[in-house]
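Report on the structure given below.
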There are 2 protein chains.
Amino acid sequence: MAKKDQMIEKCDCDVIHDDIVEQVKEKMPEEELLYDLAELFKVFGDSTRIKILWALDTAEMCVCDIAYLLNMTQSAISHQLRVLKQAKLVKNRREGKVIFYSLDDEHIKQIFELGLVHISEEE
Amino acid sequence: MAKKDQMIEKCDCDVIHDDIVEQVKEKMPEEELLYDLAELFKVFGDSTRIKILWALDTAEMCVCDIAYLLNMTQSAISHQLRVLKQAKLVKNRREGKVIFYSLDDEHIKQIFELGLVHISEEE
DNA sequence: AATATATATGAACAATTATTCAATTAATCA
DNA sequence: TGATTAATTGAATAATTGTTCATATATATT
């Protein structure tokens with residue numbers, strides 16, 4: 001954090017690298033898009049949220065049931081559900097006093113599965 | 001952090017939810033696996049690392065070129081490359097004074113692409 | 001050997017974040 | 001209306017993390 005706004009000079013380790021840098025620059029998505037992508041993965045980067053998402057992939061659940069399942073306080077779960085909702089990963093509906101949460105994205109499971117492939121490949 | 005080891009009681013919002021909790025429990029991967037998955041996504045959850053990975057998807061690059069490309073200090077890049085290497089996402093080879101980094105995983109791009117799909121779908 | 005360069009590393013600091021605790025809101029039911 | 005319950009919210013705290021700065025290591029060159 002607190003990145004200073006400095007100008008990084010080219011190294012002179014090999015002039016040929018100029019080509020590579022230019023080539024990479026062209027193929028890179030926009031700065032903002034990559035930032036958003038990092039924000040999305042940041043949401044996945046917490047085991048409580050991963051568990052919630054994985055649970056909701058099986059069934060719609062209310063807050064207290066998630067709390068019971070994960071053995072955590074309602075408050076903690078509620079805070080995390082808010083993060084997930086802001087990221088448009090879950091949605092909810094009210095039924096009386098109870099609020100049911102469910103997944104709001106098709107790709108979550110696929111992303112998780114790919115992640116698991118990577119993990120299981122580490123020797 | 002600092003999660004207290006407390007016992008969360010079942011809510012009595014509806015006794016039927018017992019079934020759901022049991023069903024979800026059965027389908028959930030092991031605690032440890034989900035933890036590792038979160039750790040992986042934590043690595044993706046930083047825009048500097050995302051940029052590095054995206055850059056390396058186009059071409060093998062040395063540390064100073066990455067630093068120049070992203071306009072960040074060599075030190076900052078080096079620290080992040082260490083994180084990426086520990087997560088087995090990049091590998092490196094030395095050529096004289098210069099150390100070249102490249103991707104060490106087939107799935108990174110796929111995971112990123114899926115993430116981008118989610119982002120672009122948000123209305 | 002001495003110097004220069006590319007990279008790595010460790011400590012420090014600022015910023016971010018996950019959980020807890022206490023209080024509040026919203027709905028139900030007596 | 002008052003009591004109960006499910007969920008949300010805000011502040012506080014502890015832990016984690018990304019960058020900087022100074023220093024160390026490794027290779028090449030003179």
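Letters A, B, ... mirror the listed sequences (proteins, then strands); counts begin at 1.
- Distances from the side chain of A:S78 to the nucleotides D:dT8, C:dT9, C:dA6 place D:dT8 closest.
- For the pair B:A76 and A:R94, both in contact range of DNA chain D, the more 5′-proximal nearest nucleotide belongs to A:R94.
- Residue A:V98 places its side chain closer to D:dA6 than to any other of D:dT19, D:dA6, D:dT27.
- Applying the 3.5 Å distance criterion, the base of C:dT9 shares a donor-acceptor pair with the side chain of B:S75.
- Remark: the B:T73 side chain and the D:dC21 base include no donor-acceptor N/O pair separated by less than 3.5 Å.
- Separation of atoms CG (B:L70) and NZ (B:K51) is listed at 6.0 Å; rounding is to 0.5 Å.
- Within a 6.0 Å radius of CD in A:E106, other residues, nucleotides and ligands contribute 12 heavy atoms or fewer.
- Here C:dT28 is the nucleotide among C:dA8, C:dT28, D:dA7 with the atom lying nearest to any side-chain atom of A:K97.
- Residue B:Y101 places at least one side-chain N or O under 4.0 Å from the OP1 or OP2 atom of C:dA8.
- If you measure from atom CG of A:L84 to atom P of D:dT8, you get 12 Å, rounded to the nearest angstrom.
- For the pair A:K51 NZ and C:dT19 C1', the interatomic distance rounds to 13 Å; values are reported in whole Å.
- Side-chain atoms of B:H79 come within donor-acceptor range of the base of D:dT20, with a qualifying N/O pair under 3.5 Å.
- If you measure from atom CZ of A:R82 to atom C1' of D:dA7, you get 13 Å, rounded to the nearest angstrom.
- Cluster annotation: A:V98 is not connected to A:L81 through the hydrophobic network of ILVMFWY side chains, with a link wherever side-chain heavy atoms come within less than 4.5 Å.
- The side chain of A:R49 places an N or O atom within less than 4.0 Å of a non-bridging phosphate oxygen (OP1 or OP2) of C:dA18.
- Straight-line distance from the NZ atom of A:K91 to the P atom of D:dA7: 17 Å, rounded to whole Å.
- By the 30° and 60° cut-offs, the orientation of the rings of A:W54 relative to A:F112 is parallel.
- Distance CD (A:Q74) to C1' (C:dA26): 13 Å, rounded to an integer number of Å.
- Taking CE from A:M61 and CD from B:Q23, the interatomic distance works out to 9.5 Å, rounded to the nearest 0.5 Å.
- As rounded to whole Å, 15 Å separates atom C1' of D:dG18 from atom CD1 of B:I50.
- Mapped onto DNA chain C by nearest heavy atom, A:Q80 and A:E95 fall at different nucleotides, with A:Q80 at the one closer to the 5' end.
- Atom pair A:R93:CZ and D:dA7:P shows a separation of 12 Å (rounding to whole Å applied).
- Between A:K42 atom NZ and D:dG18 atom P the separation is 8 Å, expressed in whole Å.
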